[in-house]
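Below, each value reflects all heavy atoms present in this structure, side chains not excepted, and no hydrogens, waters or symmetry copies.
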Amino acid sequence: MSTTAPPSSPLHTSHLLRRTTFNRVFAIIYASGILALIHHHHHNLRHATTFISSAVTAIFLIADLVLAFMWTTTTSFRLYPTRREVFPENLEKVLEEKDFPALDIFICTADPYKEPPMNVVNTALSLMAYDYPPEKISVYVSDDGGSKLTLFAFFEAAKFAKIWLPFCKDNKIDDRCPEAFFRTYDVTFSDSANIKAMYETMKMKVESVVDRGSIHEEYIENEEERNVFNKWDDRFTRHHHPTVIQVLLESEHEKDIKGHPMPNLIYVSREKNKAYPHKFKAGALNTLLRVSAVMTNAPIVLTQDCDMYSNDPKTPQRMLCFYADPSTFHNLGYIQFPQRFHGINSADIYASEYKRLYVINPGGMDGLKGPCYVGSGCFFVRRVFFGRPSSPELPEAHQLWPNHVVKMPIKNRQVLDLAHEVAGSDYEINSTWGSKMGFRYGSLSEDFFTGLHQHCRGWKSIFFHPRRPAFLGDLPITLYDALNQNRRWCIGLLEVVFSKYNPLTFGSWFMGPLMGLAYAHNAFWPIWSIPIIIYSFVPQLALLNGTSVFPEVTNMWFILYSFLFFGANVQDCLDFMLAQGTFQQWWNDQRIWFMRGLSSYLFGFIEFSIKHLGIASNGFHVTSKVVDNEQSKRYNNGVFEFGVPSPMFLPLVTVAIVNVVAFFFGIMQILKGGNVNGLFGQMFLSGFGVVNSWPIYEAMLWRTDKGKMPRVISVISTFISLTLYPSNMETPLHTYQHVPCTSFNRVFAFIYTCAILTLIYHHLVTLRHSTTFISVVITTSLLISDIILAAVWATTTSFRLRPILRQAYPENLEKIINIKDFPAIDIFICTADPYKEPPMNVVNTALSLMAYDYPPEKVSVYVSDDGGSELTLFAFIEAAEFAKIWLPFCRENNIMDRCPEVYFSSDRHGTELQNEEEIKVTYENMKKRVENVVERGEVCPNYIINESQRQAFNKYRTPGFNRANHSTIIQVLTESRKEKDKNGQSMPNLVYVSREKNKNFPHNFKAGALNSLLRVSSIMTNAPIVLTQDCDMYSNDPQTVRRALCYISDPSIRPKLGYVQFPQRFHGLNEDDIYASDFFRLLIANPIGMSGFHGPHYVGTGCFFLRRALFGGPTSIVQPEIQELQLDHVVDKPITAPPIIKLAYHVAQCNYESNTKWGFQLGFRYGSLVEDYFTGYKLHCEGWKSIYCNPNRPAFLGDLPISLIDALSQTKRWAIGVHEVFFSKHNQLIYGIRHLGFIMGLCYAQNAFWSFWSIPITIYSFLPQITLMNGLDIFPKVTDPWFLLYVFLFLGSYLQDCYDFILYKSTYKKWWSDQRIWLVRGLSSYFFGNIEYTIKHLGLATQGFNVTSKVQDDEQSKRYAQGLMEFGVHSPMFVPLTTASIVNLFAMTIGIIQILTAWSLEKMFVQLFIASFGVLNSWPVYEAMVLRSDKGRMHVKTIVISSCLALALCGGASIML
């Protein structure tokens, strides 16, 4: 902005503050932070898992939305902050004194006891004494209290003014308020002693009259005064009286002692009548506006509070520097000077200076359309009260028009009569006064409302803040008065907000958005109470429960919270200090803001609501200006004044108590080792609240003066605090959150889908225009491949649309469920071959599960030995004895690794627990005996220690007993009711089961074994929870059962909860996981993705079922054949009781399931080799849901295949199993989508498509390479736009897949191994899975269940640890893989040679890239073929066959092409 007057003699200048640019940049940054925070709240709200967490998140969202809105309104002041300077010394160069415009000054008072008349007199005298032509000044005093005491004071003031005014002007005194002058200066001026004596005499008379409440006869000096005072008869009250207008000084006739004209001084008490609304201060000002129009009609009007005296006699000249400048905008409506106050203590403990309201904010608005009107110190152009700048709204009488020239003396009877008429209580009836003319009605904050209207009508204003304050006023020195004043303002502001003149709508429409926001800042003051109350209670109450509601310190979101908190406060402090404030004053300002939010803003909101409902009516409460000496002393000492028992103090004291209790409770929790990171934000807020509440603690506890906190307030607040204390406000058992990249995944899925459709379109167009058989075959092959890849991508993407991460809190479980009420659990362990699944491995698994941190009498472990081996039984007889010392050892020492083998082989840095060595020796002896028995293949007689064992082992020696044909064997190894460990505590039940086998009846592999255990366990224990566990998958976390209970015990999800699935994790993985044995996508990424829908599929182990889920759908139970198998059956006999054992044998018979629903509607499902996948799929289709729980510490760890043939054989069996589901009536894309929905159907279809992957993998492993060797290009050129589509599809798919690995805490190297093994499986296990399924489906072979070997060779283990792939044996599955490796190598070599000599790289780039990519992925194959000499190298037979096939393929293709 530039100067607004001629540069030669400017009357004023203006400029933007230097920090403006910084403010604008910071506003953008801070707004981004706010949006991020709101997104964070919205995300948390969408994914809240409990009502309490939803409510807390919603509350903080509301609080932060309000804070964000108020920050936005505050920022509007920072975008164009303007500073102005004036040069009154230049005024005479453009305007002679005789041409100065006349000035009407309005002073309003309403109560002589709250606004002492001597204060009002001092204000009037200071204004009358302006360095301004006195004949041009008219002072109108509105006495809305209708008090003769005030009139008497002004009679005395009129006499004193004749001495005071010339004294001030002759001596060029700056402090022209007599009280301020005589308080500040010694008597050094001539006659000052006499004048002071006269002033003191006047003051004594006035105060005497006020004290008595009447005017003594001796004080009435003439008949005129007597006649005036006689108007106050018995019928005269402050609420009902006629108009009183008394001209105390008339400029034309009255002279001072030096013969100079006196200003006009007129007392006005407008008519009051209860039948007519008087509109409070706005009504009084409009009365003065009309009376002054009749009497003097000055073009300039100054409105002044009665306690706001003039501190600068040059103020009118400073005002004229703007009005007299012809370049000033024509629509200038008023000039606002800031309200400043005298007597403020150094710290301004009540923030009475209102620096933001009166100084900072008006300066910010000055760069827009100008400051709002603040009720005092404002010079109006009279014309502003009468319509818009371009269209005046003329009043009903021409004498009231702003351009009317008064030609008669003010004491003229006609003038006085008209003045009385316009001051009548009924004058405004059926007029536009208060709506279109004058000061506006409709709000107790008439000043704010009037300024808003004038700006909306097109007027502008100017804010001028001189170095010497233009006016100084009184201020409340008690907290109650300060808050009460603020409460009244809030009510008035709310009246504006809830009217058609709302600044956000009406204001923004007429003034522009920034000006609308600026006005909205004040108008919406009361809503500050919402976030202040929320942040004063909710974090603290949560802290008292140890519940974290803010991000941890180590969380990135914590940085955002810190930035928003400190950014706002530091910028506010900077604004304050640049406005000549101090840090201590700023601190008190934010403290009082906090207090107002809990008191005046809150109670203003409540009072407005009550009155808006018509329960009460508005009233105008005058702020008391009477000062008590003791209060003054405490105020000057910076001590807060409470004193009175006001309801507004209750929230303040309650918050103070809650914060201090929460703060010290938090410290105690942290000292006990609590979650410092999680509770830091709440601790900080509580500490901040304690520091801000320090004056309250002083007033409650230490002070004894009259300003202390009333005891009744302390008692009531303490009681309220106690009732607020939350008992278990929230004890979450589990929470969940969506993965952050979900939105990106959805957008990317849409884009990638469009790209896929474009590629298929490209293939179809190419196919239509193919001219040869070969081109048709090639294009068709590529089309088929890409359609399958598209289908596979679609199924994979289904996991990315709503991935969910869950967190369980087992530490909260006992707060909700008594440990004696924990449900019983039956654990199923299946083994089938003691040579592929060593019994010691199975024993270690069982021992780790028996040692759970769970009531042992509620744990039953059932071991299914589907191999019917006495070796396994012997191992468990040994384990049962060892468990009696192992279980108490684990619990006493809180051991995490409760698998003995893992514990004793781990490096514990030399620490050894009591009895550890003895237990280790016992374990090693047991291990030695078991392994010795396995090696011999039979149990030696010397290992059988009693007759019971001998009888058990004799069953295995009956004629015809073999693993495929034998009777049921059930052996109870430990019984909880009888067996005790070495400490006398109950042991878990341990039961060995080998179901009957007969070649005439199908045994249904693992699903049959599990159903047999399900029935046997129903007979013996019938626990409501069933854990299925692979024999090589030991427990790695003793808290796992409790984690599962966190979900099972939640009544909100239990009705449809079928099972809780933990991921399979593996120990001994080499660094790069060369076989992708971690099955990252199958066991981690995909279950997380399915969690957002019906839940993860069952993966065969680590799964906690609700037994109810295996007996029909959630709403339709399927009853088993006998009562003892029903869910509600209560087992009331020992598990070794003969009837129990007999019935258990019965249900384990091979023919028990004949003509029953077992395997189809009951139990684990038959029909697929992958019984786990099929069972989970069927349960979901029946309506059950599942939960995926993936704790930081793996719940289970298992063995993994360390040779490639074992890894591929395992996935081949799985591929056959999912094929069986896909080609059945339960097809995932038909049956699944119909029962589960489209996305969940696709999720299940992803596994079903495994075998189909072999088609595109095989095609892309051979077709591009063969065509490359023959110089035939089948892909777009590099310069072709279609090439970019291929690049996007390839890189998009691979990069997103890699990102999934990194997101879920895997590594790039493991991702690379995973995609390599995906190619290997496509050419081997998936390929042969297709062939084997087809052969068996044609009836050429029967299905078999091949157990994956868990036996590890030491040499193999070494090679695996080094990252070398184990080929070793000749297998048909290695032939396609090796053939593809050879073909790719040939193709890459020939392609490079030909491109260097004859071909164009542009044409052949894609094929060369694919061949090179194949070579890179085949590097382990080349190593095994050529470079390695160990036993894991590629078998010669495989190499020879593959080489022949490669040569035949290449030769045949060259002939055909």
TODO: Take Asp1037 and Arg1043 through the side chain to side chain contact (heavy atoms under 4.5 Å, CB included) test and state the conclusion after the steps.
DONE: CA-CA 10 Å; Asp1037 180 4; Arg1043 294 187 195 280; 3.0 Å; yes
TODO: Might you work through the ring pair (Phe, Tyr, Trp, His ring centres under 6.0 Å) test for Tyr1059 and Tyr1047, ending with a clear yes or no?
DONE: CA-CA 9 Å; Tyr1059 56 88; Tyr1047 301 101; over 10 Å; no
TODO: I would like to know whether Phe1062 and Phe1104 meet ring pair (Phe, Tyr, Trp, His ring centres under 6.0 Å); could you show each step before the answer?
DONE: CA-CA 8 Å; Phe1062 286 79; Phe1104 290 83; 5.6 Å; yes
Open item on the list: Using modelled atom types and a 3.5 Å cut-off, is there a donor and acceptor pairing between side-chain atoms of Gln1029 and backbone atoms of Met1033?
Closed with: yes
- [ ] For Gln1315 and Asn1417, run side-chain hydrogen bond (donor to acceptor under 3.5 Å, both in side chains): C-alpha distance rounded to whole Å, both residues' side-chain angles, the deciding distance at 0.1 Å, then the answer.
- [x] CA-CA 9 Å; Gln1315 67 83 28; Asn1417 273 307; 2.7 Å; yes
Task: Side chain to side chain, Tyr1188 and Pro1063, heavy atoms closer than 4.5 Å - done: yes
TODO: Could you tell me whether the side chains of Asn1036 and His1067 share a donor-acceptor contact shorter than 3.5 Å?
DONE: no
Open item on the list: Using a 3.5 Å distance criterion without hydrogens, assess whether the side chain of Arg1428 forms a donor-acceptor pair with backbone atoms of Met1425.
Closed with: no
Open item on the list: Check Asp1297 with Arg1081, please: is the shortest side-chain N to carboxylate O separation under 4.0 Å?
Closed with: yes
- [ ] Quick one: pull up CD1 in Ile827 and CD1 in Ile829 and give me the separation to the nearest 0.5 Å.
- [x] 7.0 Å
Task: Ser848 and Ser1035: CA distance, side-chain angles, deciding distance, side-chain hydrogen bond (donor to acceptor under 3.5 Å, both in side chains) verdict - done: CA-CA 5 Å; Ser848 68; Ser1035 169; 4.8 Å; no
TODO: List the atom of Ala749, the atom of Thr797, and the distance in Å for their closest heavy-atom pair.
DONE: CB-CG2, 3.6 Å
TODO: Indicate yes or no for a side-chain donor-acceptor contact from Asp1073 to the backbone of Leu1069 under 3.5 Å, with no hydrogens or angles considered.
DONE: no
TODO: Output yes when Lys1006 and Asp1172 qualify as a salt bridge under the 4.0 Å nitrogen-oxygen rule, no when they do not.
DONE: no
Open item on the list: For Phe1105 and Phe1164, I'd like to know if the aromatic rings sit close, meaning centre-to-centre distance below 6.0 Å.
Closed with: yes
Task: Donor on one side chain, acceptor on other, Thr1028 and Tyr1098, under 3.5 Å - done: yes
TODO: Show your reasoning for whether side chain to side chain contact (heavy atoms under 4.5 Å, CB included) applies to Phe1374 and Ser1324.
DONE: CA-CA 7 Å; Phe1374 293 157; Ser1324 54; 5.9 Å; no
Task: Full working for ring pair (Phe, Tyr, Trp, His ring centres under 6.0 Å) between Tyr561 and Phe558 - done: CA-CA 5 Å; Tyr561 275 81; Phe558 179 80; 7.7 Å; no
- [ ] Over 60° means perpendicular and under 30° means parallel, so classify the ring planes of Phe1222 and Phe1249, tilted if in between.
- [x] tilted
- [ ] Please name all residues satisfying side chain to side chain contact (heavy atoms under 4.5 Å, CB included) with Asp1314, sequence neighbours left out, ordered by chain then number.
- [x] Ala1076, Phe1301
Open item on the list: Using ring centroids (six-membered ring only for Trp), state whether Trp1214 and Phe1079 fall under 6.0 Å.
Closed with: yes
Open item on the list: Would Phe1290 and Tyr1286 count as a ring pair (Phe, Tyr, Trp, His ring centres under 6.0 Å) here? Give the steps.
Closed with: CA-CA 6 Å; Phe1290 178 82; Tyr1286 276 83; over 10 Å; no
TODO: Look only at the side chain of Asp897 and the backbone of Val902, and say whether a donor-acceptor pair between them is shorter than 3.5 Å.
DONE: no
Open item on the list: For Phe1196, run the side chain to side chain contact (heavy atoms under 4.5 Å, CB included) check against Asp1032, Leu849, Asp1030 and tell me which one passes.
Closed with: Leu849
- [ ] For the pair Arg800 and Asp1300, find out whether any cationic side-chain nitrogen is under 4.0 Å from an anionic carboxylate oxygen.
- [x] yes
Open item on the list: I want to know whether Tyr1294 and Phe1413 have ring centres closer than 6.0 Å.
Closed with: yes
Open item on the list: For Cys1046 versus Leu733, what's the shortest heavy-atom pair and its separation?
Closed with: CB-O, 3.2 Å
- [ ] Please examine the side chains of Ser743 and Val747, heavy atoms only from C-beta on, and report whether any two atoms are closer than 4.5 Å.
- [x] no
Open item on the list: If we ignore hydrogens and angles and just use 3.5 Å, is the side chain of Gln1356 paired with the main-chain N or O of Lys1431 as donor and acceptor?
Closed with: no
- [ ] Give the C-alpha distance, both sets of side-chain angles, the deciding distance and a yes or no for side chain to side chain contact (heavy atoms under 4.5 Å, CB included) between Arg806 and Thr735.
- [x] CA-CA 6 Å; Arg806 297 185 182 273; Thr735 58; over 6 Å; no
Open item on the list: If you define the side chain from C-beta out and look only at heavy atoms, does anything of Leu1319 sit under 4.5 Å from Leu1323?
Closed with: no
TODO: Without swapping roles, check the side chain of His1219 against the backbone of Gly1329 for a donor-acceptor pair under 3.5 Å.
DONE: no
Open item on the list: When you compare the side chain of Met1090 with that of Tyr1244, does any pair of heavy atoms fall below 4.5 Å?
Closed with: yes
- [ ] Would you tell me whether His1180 and Ser1186 have side-chain atoms, one donor and one acceptor, within less than 3.5 Å of each other?
- [x] yes
Task: Close side-chain approach of Arg1213 and Val1170, heavy atoms under 4.5 Å - done: no
Open item on the list: Before we go on, tell me: are the rings of Phe550 and Phe680 under 6.0 Å apart, centre to centre?
Closed with: no
Task: Residue pair Tyr1260 / Asp786, side-chain donor-acceptor N/O under 3.5 Å - done: yes
Task: Close side-chain approach of Cys1189 to His734, heavy-atom, < 4.5 Å - done: no
Task: Gly1232 to Tyr1177 - nearest heavy-atom pair and separation - done: N-OH, 3.1 Å
Task: Side chains of Ile1202 and Arg1359 in contact at under 4.5 Å (non-hydrogen atoms) - done: no
Task: Short side-chain donor-acceptor distance under 3.5 Å, Thr1101 and Gln1064 - done: no
Open item on the list: Do Arg898 and Leu847 have side chains that approach each other closer than 4.5 Å (heavy atoms only, starting at C-beta)?
Closed with: no
Open item on the list: Test side-chain hydrogen bond (donor to acceptor under 3.5 Å, both in side chains) on Gln1296 and Asn745; report intermediate values, then the result.
Closed with: CA-CA 9 Å; Gln1296 191 176 31; Asn745 286 344; 3.2 Å; yes
Task: Contacts of Ser798 that satisfy side-chain hydrogen bond (donor to acceptor under 3.5 Å, both in side chains) - sequence neighbours left out - done: none
Open item on the list: Can a donor-acceptor pair be found, under 3.5 Å and without considering hydrogens, that links the side chain of Ser1418 to the backbone of Val1421?
Closed with: no
TODO: Identify the heavy atoms of Ser1077 and Phe1066 that sit nearest to each other, and give their distance.
DONE: O-CE1, 3.3 Å
Open item on the list: Ring-plane angle category for Phe1288 and Phe748, please: parallel below 30°, perpendicular beyond 60°, tilted otherwise.
Closed with: tilted
Open item on the list: Apply side chain to side chain contact (heavy atoms under 4.5 Å, CB included) to residues Tyr1075 and Met1365 and explain how you reach the verdict.
Closed with: CA-CA 8 Å; Tyr1075 302 138; Met1365 281 195 178; 3.8 Å; yes
Open item on the list: Can you tell whether the side chains of Asp1206 and Lys836 come within less than 4.0 Å, N to carboxylate O?
Closed with: no
- [ ] Might you work through the side-chain hydrogen bond (donor to acceptor under 3.5 Å, both in side chains) test for Asn44 and Thr57, ending with a clear yes or no?
- [x] CA-CA 7 Å; Asn44 288 346; Thr57 304; 5.6 Å; no
